Amino acid sequence: MEKKQFENDNFVLYAPDSLKHIFRDLESILYDSLDKYKELFDVDSFRKVEIHYFDNKEDFREFVYKLKGDDSLPKYSVGTSSCGVISAYINSSIKEGDPIFNKRVHLASHELFHIMYHELVIFGKKREYLTWFDEGCAQFFSGEKEYELNEGFSEWFNKVKSETKVVPKLNNLSHGLGFKTDNYNGYDLSLLAVKNIYDVLGYDELKDLLNEGNAYEYGYGILEDAFLFYDMEFGNRKK
């Protein structure tokens, strides 16, 4: 049963007790993320954000339908920032040490990035929206991919490369059936593209791309560049 688990000046969480192992450290994670995002978007403060976690998928979907006033939610969706509210379904059987555990722990941080990016940049500054850049940055900065982006990066990169049978045009991707297919995973490719921008150009340039909406040109060719860049780094070049 969903109930209020914590509330402070910046966040309020409603969730069932069955998910306590997931949100145990959420308050401190969100404070760290909020500080990071405020620096990214050059703001001193942000509005209070409401968070709703569910351990039943149907309850989650019904909540989002009511919130949005329609039932336009992809079947694969387990988390959303619709209407500026963070809502998510989390399987209570997930245990610490499971591959997906860290992603669920940082789910609210991921969605908080979407909310701030949309409100402060896309709508606030009227910048062009690119799904791949939004999703790539949300994964990159939220902490959910900490292992994959650091000590596990070589293994993760080779996995992504082997699973990418078709390299899509990033700028054409949008949420729906075409974002994650049997030929590629749009989430992984978006993260790879953002990491490559960061590794090649640095934090300041990535921050500028976020705030000025200049990432469109990188949607053409960034994946091919990234595959070549990391193949060379890991000595994967063909003889």
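Keep in mind that this is a model prediction, so the values were computed, not measured.
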Determine, using ring centers only, whether Tyr230 and Phe157 are less than 6.0 Å apart.
yes
Do Asn8 and Glu27 have side-chain atoms, one donor and one acceptor, less than 3.5 Å apart?
yes
Report, as yes or no, whether the 6.0 Å neighbourhood of atom CG on Asp42 holds more than 12 heavy atoms from other residues, nucleotides or ligands.
yes
With ring centroids as reference points, do Phe141 and Tyr37 lie under 6.0 angstrom apart?
no
Under 6.0 Å between ring centres: does that hold for Tyr14 and Tyr53?
no
Any idea how Phe54 and Phe60 line up, ring-wise: parallel (<30°), tilted (30 to 60°), or perpendicular (>60°)?
tilted
Could you check, using the six-membered ring where one of them is a Trp, whether His106 and His110 have ring centers closer than 6.0 angstrom?
no
So do Val105 and Leu26 actually touch side chain to side chain, heavy atoms under 4.5 Å?
no
His52 side chain to Glu2 side chain, donor-acceptor N/O pair below 3.5 angstrom
yes
Is it true that Arg24 and Glu96 make a salt bridge, defined as a side-chain N closer than 4.0 Å to a carboxylate O?
yes
So Glu62 and Lys66, salt bridge (charged side-chain N to carboxylate O under 4.0 Å, His left out) or not? Walk me through it.
CA-CA 6 Å; Glu62 286 300 320; Lys66 185 176 181 180; over 6 Å; no
Taking the six-membered ring for Trp and the single ring otherwise, decide whether the centroids of Tyr220 and Tyr216 are under 6.0 Å apart.
yes
Less than 4.5 Å apart, any side-chain heavy atom of Leu170 and any of Tyr218?
no
Going only through I, L, V, M, F, W and Y residues with side-chain contacts under 4.5 Å, is there a path from Val85 to Phe123?
no
Correct closest heavy-atom pair for Val12 and Lys48 would be CB-CE, 4.4 Å
Could you walk me through whether Asp17 and Lys3 satisfy the salt bridge (charged side-chain N to carboxylate O under 4.0 Å, His left out) test, starting with their C-alpha distance in whole Å, then the side-chain angles of each, then the deciding distance to 0.1 Å, before giving a yes or no?
CA-CA 8 Å; Asp17 288 339; Lys3 68 180 186 182; 3.0 Å; yes
Is a side-chain N or O of Glu135 found less than 3.5 angstrom from the main chain of Ser190, in a donor-acceptor match?
no
How about CG on Asp9, more than 12 heavy atoms from neighbouring residues, nucleotides or ligands closer than 6.0 Å, or not?
no
Classify the ring geometry of Tyr187 against Phe179: parallel below 30°, tilted from 30° to 60°, perpendicular beyond 60°.
perpendicular
Which heavy atom in Tyr65 sits nearest to a heavy atom in Asp71, and how many Å separate them?
CD2-CA, 3.3 Å
Does atom NZ of Lys36 have more than 12 heavy-atom neighbours from other groups under 6.0 Å away?
yes
Between Glu144 and Arg104, is a salt bridge (charged side-chain N to carboxylate O under 4.0 Å, His left out) present by the stated rule, with each step listed?
CA-CA 8 Å; Glu144 67 186 89; Arg104 292 295 176 261; over 6 Å; no
If you draw the axis of the six-membered ring of Phe153, does the NZ or CZ of Lys195 fall within 45° of it and under 6.0 Å from the ring centre?
yes
